[in-house]
Amino acid sequence: MSRTYKIALILKSRNSLPIYRDLSQLSDRELDQQVVAMLRRMRVNESSVIARMALRRPTFGLN
């Protein structure tokens with residue numbers, strides 16, 4: 001991922017980092033760490049939702 005894409009990803013997320021820090025001043029390593037941490041949080045949040053999903057038989061409708 002490019003640097004600008006990582007910054008855009010952080011800005012679009014619900015991350016509070018942009019409030020406290022200027023993202024353009026972060027080093028590439030710090031930016032990578034923030035993106036990895038954000039993706040890890042997203043995975044943890046989604047895994048609990050997926051685990052509670054009820055599996056239903058596939059159906060279709062004719063409208």
Side-chain angles (χ1 to χ4, degrees):
M1 283 190 267
S2 69
R3 182 175 177 80
T4 54
Y5 183 75
K6 290 175 188 175
I7 291 174
L9 192 64
I10 291 173
L11 288 173
K12 288 181 183 178
S13 72
R14 292 188 219 171
N15 197 339
S16 60
L17 182 68
I19 296 171
Y20 301 109
R21 308 249 343 235
D22 182 12
L23 297 179
S24 63
Q25 300 298 321
L26 291 177
S27 69
D28 288 338
R29 184 170 184 223
E30 289 173 324
L31 201 56
D32 285 339
Q33 289 173 346
Q34 290 299 322
V35 169
V36 168
M38 184 180 63
L39 292 175
R40 187 180 312 118
R41 284 192 305 272
M42 287 169 61
R43 258 189 248 120
V44 169
N45 290 341
E46 288 177 0
S47 65
S48 62
V49 171
I50 292 170
R52 290 192 309 262
M53 288 176 121
L55 298 176
R56 294 183 174 89
R57 295 172 58 191
T59 58
F60 64 92
L62 299 173
N63 292 351

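Since the model is a prediction, treat every value here as computed from it, not as a measurement. Along the sequence shown, residues carry numbers from 1.
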Only distances under 3.5 Å count here; give the side-chain donor-acceptor pairs of residues 32-41 to other protein atoms, sequence neighbours excluded, each with its distance to 0.1 Å.
{"unit_1": "D32", "atom_1": "OD1", "unit_2": "K6", "atom_2": "NZ", "d": "2.1"}

inquiry  = For the OG1 atom of T4 and the CG atom of L11, what is their distance to the nearest 0.5 Å?
reply    = 11.0 Å
inquiry  = Minimum heavy-atom separation for R3 and L23, please, with both atom names.
reply    = NH2-O, 3.9 Å
task = State, yes or no, whether a side-chain contact exists between I10 and L31 at a heavy-atom distance under 4.5 Å.
result = yes
